[in-house]
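For clarity, every value in this text was computed on a predicted model and none was experimentally measured.
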Amino acid sequence: MIRTGSSPIFRIFFSSAAQKRTMSSGSIHFGPFEVTSQVFLTTPHSFALVNLKPLLPGHVLICPRKPHKRLTELTAPELTDLFQAVQRVQHMLARHYFSLPAPSPDEKANGGDDTPEAGSFNIAIQDGVEAGQTVPHLHVHVIPRIRGETEKESGPGDQIYEWMAAEDGNVGGALWDREVQKLRAQLGGRPEPGGGFPSIEDSERHPRTREQMEAEAQVFRRVLAQMGET
């Protein structure tokens, strides 16, 4: 858990980001961070983006367009749109990750199986700083669990929840690191994990490059296009 979402540092950062949005209305921001190139789906009230530090392959985030901090702040249309976007992303990820080993000719023609029931998902919201929210912008984690690879039995099991609460899941810290060289004087200290779960450090996992994230976002856009999604 990282108690930074309501800090003065983030308020300074939000002020800076708001000025940038005024200058560039076409950009998309996740909290104070500009993430336009990471976005692979937009809807009237929401957007979906690839993750800088995914816990497992396919770990993505879905956010409201307005920088609401808490789930209870969303209007009824925003709430409906957000979870419809979650469902659309589930179908896209299922098509990409849950394809059957030997699809039928029809499935080959359609590019794969987009049935979420062909695998499983972790869907989570850290609603507030006490729940571990590291970016003060509501976001839904959608994490595909692939049978025989990343499912609970053969994969990391329930440890994923510990990862989400530790440095592995510190989305805000990873984004902070990416921006700190440009905004160090305004940002101050970096978010650090803490709370009830033990920190799990993994020297093999590093934040991805912008090029890697843009490439994954492009793959997901193509899958959505194959499904007739826009």
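- With sequence neighbours excluded, the residues forming a side chain to side chain contact (heavy atoms under 4.5 Å, CB included) with H68 are P64, K66, E73, L74, E78, listed by chain and number.
- In this structure, L138 CG and L61 CG are separated by 10.5 Å, a value rounded to the nearest 0.5 Å.
- Residues T150 and R145 come closest through the heavy atom pair O-NE, 2.6 Å.
- In this structure a side-chain-to-backbone donor-acceptor pair under 3.5 Å is missing from Q126 to H141.
- Residues Q90 and I123 meet the side-chain proximity criterion, which asks for heavy atoms closer than 4.5 Å.
- Ring geometry for F30 against H137 counts as tilted: the plane angle lies between 30° and 60°, on a 0 to 90° scale.
- Taking every heavy atom of both residues into account, S37 and R210 meet most closely at OG-NH1, 3.2 Å.
- Taking 4.5 Å as the limit, every side-chain heavy atom of L82 sits out of range of all side-chain heavy atoms of T43.
- With hydrogens and angles disregarded, a donor-acceptor distance shorter than 3.5 Å links the side chain of R208 to the backbone of N51.
- Using a distance-only test at 3.5 Å, with no hydrogens or angles considered, a donor-acceptor pair links the side chain of R221 to the main chain of V39.
- In this view, F220 and F40, H96 satisfy the ring-ring contact (aromatic ring centres under 6.0 Å, His included) rule, not counting sequence neighbours.
- Contact annotation: the side chain of V35 never approaches that of M213 to less than 4.5 Å [non-hydrogen atoms, C-beta and beyond].
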Subject >> Intermediate values then yes/no, side-chain contact (heavy atoms from CB on, under 4.5 Å), K53 and H59 >> reply: CA-CA 9 Å; K53 284 184 73 175; H59 178 187; over 6 Å; no
**OP:** Check the pair I146 / F98 against side-chain contact (heavy atoms from CB on, under 4.5 Å), numbers first and verdict last.
**Re:** CA-CA 6 Å; I146 307 165; F98 300 166; 4.0 Å; yes
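- Looking at heavy atoms from C-beta onward, E214 lies out of side-chain contact with Q218 at the 4.5 angstrom threshold.
- Taking each heavy atom of P44 and D81 in turn, the nearest pair found is CD-OD1, 3.6 Å.
- Residues satisfying the salt bridge (charged side-chain N to carboxylate O under 4.0 Å, His left out) criterion with R70, sequence neighbours excluded, are D127.
- Residues I143 and L55 share a closest heavy-atom pair of CD1-CD1, 4.3 Å.
- No side-chain heavy atom of H29 sits under 4.5 Å from any side-chain heavy atom of P67.
- Residues R88 and L41 come closest through the heavy atom pair NH2-CD1, 3.5 Å.
- Taking all atoms of both residues into account, the shortest heavy-atom contact from Q38 to A217 is O-CB, 3.8 Å.
- Using modelled atom types, no side-chain atom of Y97 and backbone atom of P144 make a donor-acceptor pair closer than 3.5 Å.
- Formation of a donor-acceptor pair under 3.5 Å by the T42 side chain with backbone atoms of F47 is not found in this model.
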